[in-house]
There are 2 protein chains.
Amino acid sequence: MPLSSLIHSFKKYLPLNQEEIEELERRSKIRKIKRRQFILSEGEVCKHYTFVIEGCFKMYKVDETGKEHNIMFSVEEDWIADIGSFHDEVPSQLHVEAVEASTIVQIAKPDLLFFYTNYPKFDRNFRVILENQFIELQNRLLQTISTTAEERYNSFVSDFPHLQHRLSNTQIASYIGITPEFLSRIRSQQLRK
Amino acid sequence: MPLSSLIHSFKKYLPLNQEEIEELERRSKIRKIKRRQFILSEGEVCKHYTFVIEGCFKMYKVDETGKEHNIMFSVEEDWIADIGSFHDEVPSQLHVEAVEASTIVQIAKPDLLFFYTNYPKFDRNFRVILENQFIELQNRLLQTISTTAEERYNSFVSDFPHLQHRLSNTQIASYIGITPEFLSRIRSQQLRK
DNA sequence: GCCTTACCTTAAACTAGTTTAAGATTCTTT
DNA sequence: AAAGAATCTTAAACTAGTTTAAGGTAAGGC
């Protein structure tokens with residue numbers, strides 16, 4: 001039963017009943033995604049909410065100089081969407097790309113609106129999911145404006161011990177907002193201590 | 001009718017019916033807040049969702065060196081909460097302080113949970129409110145890791161033209177993540193162009 | 001297996017932004 | 001009105017982090 005991890009994940013919030021589960025099965029789509037495959041590209045409107053069953057994604061913006069700025073990594077049981085593009089139906093500035101071969105469940109916007117309208121439980125569940133994402137993002141911002149690069153790297157390593165092994169150092173550097181060279185320097189200085 | 005701006009603001013989402021309005025009147029509290037008065041201090045648990053009827057607030061963290069890092073300003077029709085502290089009932093790391101004399105409506109956590117449970121419309125409305133806040137926060141983070149201080153200042157001025165006159169330059173500097181001295185430098189350089 | 005691409009490391013030169021310092025101005029409190 | 005506090009400005013000295021450069025290693029593709 002491929003949706004089981006998605007259904008199971010809702011148990012943390014308001015669990016789904018049989019009818020809701022069946023509707024979810026009808027209105028969602030499972031996809032296999034190759035490494036480096038995009039599920040959203042800059043300039044496209046984000047049309048789906050995506051749940052990660054297996055695998056890892058990075059969400060990033062490319063600036064005018066071509067530099068990649070990673071703002072989020074998503075792994076098993078995470079939800080992915082460019083919320084601004086999804087709701088306002090405007091072209092996204094962001095890319096979402098698979099860091100490794102992955103399996104996802106996608107709910108298209110009309111279907112998600114159907115759930116919100118007909119099953120208020122989904123409003124609740126997605127509000128809570130969003131709150132958790134908001135808390136993380138807010139902590140991230142706080143760190144970015146108030147801590148040194150080394151502190152941010154240490155936080156990353158202790159907050160996401162398993163994620164570290166799935167990402168390149170270049171991606172991690174981009175996430176904490178520094179260059180790969182500087183991350184190398186920090187890491188070698190720490191080895192010398 | 002002091003709750004009118006709050007009730008009116010819900011018209012952007014799902015408007016409230018008479019019963020919901022009455023329940024809101026029963027379960028919310030209007031407060032007058034003096035300039036520099038705190039509605040949340042570090043170490044306290046955030047127990048309310050706060051709606052600004054009139055006035056302006058800053059939400060900030062004080063780091064170990066005593067430096068203030070502003071992460072959000074809130075004005076009329078904005079909602080304020082330290083969401084992490086509110087939901088997990090853990091002491092907040094943040095302060096929320098009035099930048100000017102203000103009037104607010106507060107909903108205590110048990111009352112908000114009552115609304116969520118009995119009026120699913122509130123789940124919807126607060127999910128949408130949170131989405132808007134999330135979008136703003138995400139854009140803020142993106143900017144912080146990918147643009148220069150001057151670009152961030154220019155964005156602030158064009159995004160929040162009216163806010164600029166209600167805040168000191170020191171607060172704005174703290175919000176965009178630079179020192180007041182550097183902001184002064186940027187501003188005088190711009191005057192020379 | 002070979003070639004290409006991506007990643008990682010190291011270091012010197014550089015710079016966007018900070019710290020230190022201090023004077024001037026504005027605002028608040030008594 | 002005077003005193004104190006907060007804010008703003010300016011500038012020199014400083015530094016956390018970047019850019020430029022290049023070599024080595026690992027991974028991916030054909």
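Proteins get letters first, then strands, A, B, ... in listed order; numbering begins at 1 in each.
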Self-check item: Euclidean distance, atom CG of residue A:Leu191 to atom C1' of C:dT9 [Å, nearest integer]
Solution: 12 Å
Practice problem: Indicate whether any N or O donor in one side chain lies under 3.5 Å from an N or O acceptor in the other, for A:Gln143 and A:Ser155. | Solution: yes
Quiz prompt | Length of the CG-P vector between A:Leu183 and D:dT19, whole Å | solution = 15 Å
Quiz prompt | Between P of D:dT7 and CZ of B:Arg187, the distance in whole Å | solution = 14 Å
Practice problem: Any chance you could lay out the side chain to side chain contact (heavy atoms under 4.5 Å, CB included) test for B:Leu167 and B:Cys56, step after step, and finish with the verdict? | Solution: CA-CA 9 Å; B:Leu167 302 171; B:Cys56 181; 4.2 Å; yes
Quiz item: Is the backbone N or O of B:Leu14 less than 3.5 Å from a side-chain atom of B:Asn125, with the two atoms forming a donor-acceptor pair by type?
Solution: yes
Quiz item: Does A:Lys67 make a side-chain N or O approach to OP1 or OP2 of D:dT19 shorter than 4.0 Å?
Solution: yes
Quiz item: Between atom CD in B:Gln171 and atom C1' in D:dC8, what is the gap in whole Å?
Solution: 13 Å
Quiz prompt | Distance-only donor-acceptor check, side chains B:Ser92 and B:Glu44, under 3.5 Å | solution = no
Quiz item: Between B:Gln171 and B:Tyr60, is any side-chain donor less than 3.5 angstrom from a side-chain acceptor?
Solution: no
Exercise. Check the distance between C:dA16's C1' and B:Glu150's CD and give it to me in whole angstrom.
Key: 11 Å
Exercise. Remember a base hit wins even if backbone is also touched, and classify A:Thr179 as base, sugar-phosphate or nothing at under 4.0 Å, heavy atoms.
Key: base
Quiz prompt | A:Asp63 CG to D:dT18 C1', straight-line distance once rounded to whole Å | solution = 14 Å
Under 3.5 Å between N/O atoms: give me all the protein pairs with nucleotides 10-14 of chain C, atom names plus distance.
unit_1, atom_1, unit_2, atom_2, d
C:dT10, OP2, A:Ser188, OG, 3.4

Practice problem: Write down the distance between CZ (B:Arg152) and P (C:dA16), rounded to a whole number of angstrom. | Solution: 13 Å
Can I get a per-line list of side-chain donor-acceptor pairs under 3.5 Å for residues 33-42 of chain B, giving both atom names and the distance, sequence neighbours left out?
unit_1, atom_1, unit_2, atom_2, d
B:Arg35, NE, B:Val99, O, 3.2
B:Gln37, OE1, B:Lys34, N, 2.8
B:Glu42, OE1, B:His95, NE2, 3.4

Quiz item: For every nucleotide of nucleotides 25-30 of chain D, 5' to 3': is a protein heavy atom under 4.0 Å from its base (B), only from its sugar-phosphate (S), or from neither (-)?
Solution: ---S--
Exercise. Give B:Ser168 one of three labels, base, sugar-phosphate or nothing, depending on what nucleic acid heavy atoms sit under 4.0 Å from its own.
Key: sugar-phosphate
Quiz item: Honestly, is A:Arg127 close enough over A:Tyr13, meaning NZ or CZ under 6.0 Å from the six-membered ring centre and within 45° of the axis?
Solution: no
Quiz item: With a distance cut-off below 6.0 Å to the six-membered ring centre and an angular limit of 45° from the axis, does B:Arg166 pair with B:Phe73 as a cation-pi contact?
Solution: no
Quiz item: Between A:Phe122 and A:Phe10, is the gap from one ring center to the other below 6.0 Å?
Solution: yes
Quiz prompt | Rounded distance (Å) that lies between atom C1' of C:dA16 and atom CD1 of A:Ile178 | solution = 16 Å
